[in-house]
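For reference, the structure discussed in these notes is given below.
Ligands are counted one by one from 1 in listed order, and the atoms in each one are counted from 1 as well.
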Amino acid sequence: MVRVMVPATSANLGPGFDTLGVALELYNVVEMEETGVGEDVIEVEGHGEALTRPENNLVWQAAQQVFRRVGWRPHGLLIREAIGIPVARGLGSSSAAIVAGLVGANALAERALGRRLLGREEILAMAVALEGHPDNVTPALVGGFTVACLDGGRPLYLRLDPPPGLEAVVAIPERPLETRRARGVLPETVALADAVYNLSRATLLVAALATGRLDLLPAATRDRLHQPYRERLVPGLGAVIEAALAAGARAAALSGAGPSVIALVAAGGAEPVAQAMEAAFQWHGSHCRVLPVRLAAAGARVL
Ligand code: HSE
């Protein structure tokens, strides 16, 4: 049996649409086992029937890609999932499932065959192909803050350790939002001025994180490429971001495609920011749960 633990992730971080991401200490744990008998079985704690069907289950689907690639498959696969990452809330639940399926299946095959099979780069390329963009799967796999780029289809990335003393608070609305819908409201083309606005901030953000200039984060996490368009799917988004900043957050942004909002705070500063975000969502008619969460230095791990 293999057990894999994969962190939640928050993509974009404001200006870094489809590029930047960070891993969070909130986990899905997946076990995989060859049963030796009959059909594959999927068990998902607390998530009803739908996810236990292979056609709906990304862990199973990702695992099949590995088995095809390495030329080995278990005789009867049991997958057990404990899901700690809220689903369809912009916290990387589908990326975590994909990474868990790839890493778990590779570990299972390696044990069965007694040799090393897929390396991290190959697993990342498979994860990006399944997910479509690299900004969640990269930190889910390698942890920390990541910058990811597709170069002729090949993922390239750099990882930075989370700066000491920086933590997160996520405000997670009750109502889910499908990524496909949140991408559907984005324009095909954008104004050059908006592209430059984001380019300058995304690059400033990476340099600020790399050099520890956390004072630059409020300006460096502003965005004009996706958040303004997604506000109609996440009522109060702008107000929640401003409320978090006014309450002392270093940064606040839509988490991935939303609807969650992530704020980055100095250690010990979570409480007022959490309260401010919850109140602002409430004011705009959304109930949300607020969760202080640490930034995860490590990505997926086989336990
Ligand atoms: N960069 C993606 C988006 C993340 O914002 O649509 C969601 O998967």
[X]: numbered ligand 1 atoms lying under 4.0 Å from its heavy atoms:
{"X": "Thr179", "value": "7 (C), 8 (O)"}
{"X": "Asn12", "value": "1 (N), 3 (C), 5 (O)"}
{"X": "Asn136", "value": "4 (C), 7 (C), 8 (O)"}
{"X": "Gly256", "value": "5 (O)"}
{"X": "Phe17", "value": "3 (C), 5 (O), 6 (O)"}
{"X": "Ala257", "value": "5 (O), 6 (O), 7 (C)"}
{"X": "Asp18", "value": "1 (N), 2 (C), 3 (C)"}

Inset, instruction - Around atom 8 (O) of ligand 1, find the nearest protein heavy atom and jot down its residue, atom name and distance. - result: His133 CE1, 2.8 Å
Inset, instruction - Among all protein heavy atoms, pick the one closest to atom 6 (O) of ligand 1 and tell me residue, atom and distance. - result: Arg183 NH1, 2.6 Å
Inset, instruction - Mark yes or no: Arg232 above the aromatic ring of Tyr229, with NZ or CZ under 6.0 Å from the six-membered ring centre and no more than 45 degrees from the axis. - result: no
Residues [X] and [Y] bridged, charged N to O under 4.0 Å:
{"X": "Glu178", "Y": "Arg180", "result": "no"}
{"X": "Glu110", "Y": "Arg115", "result": "no"}
{"X": "Glu231", "Y": "Arg224", "result": "no"}

Legend entry - Flag side-chain contact, heavy atom, 4.5 Å: Ser260 against Leu254: no
Inset, instruction - For the residue pair Phe281 and Pro235, establish whether any side-chain heavy-atom pair is separated by less than 4.5 Å. - result: no
Inset, instruction - Run through the side-chain heavy atoms of Ile, Leu, Val, Met, Phe, Trp and Tyr, join any pair under 4.5 Å, and report what else lands in Leu225's cluster. - result: Val190
Inset, instruction - Would you please determine whether Arg230 falls within less than 4.0 Å of ligand 1 on a heavy-atom basis? - result: yes
Inset, instruction - Report yes if Asp135 has an N/O atom closer than 3.5 Å to an N/O atom of ligand 1; otherwise report no. - result: yes
Legend entry - Ile172-Leu13 co-clustered via ILVMFWY side chain contacts under 4.5 Å: yes
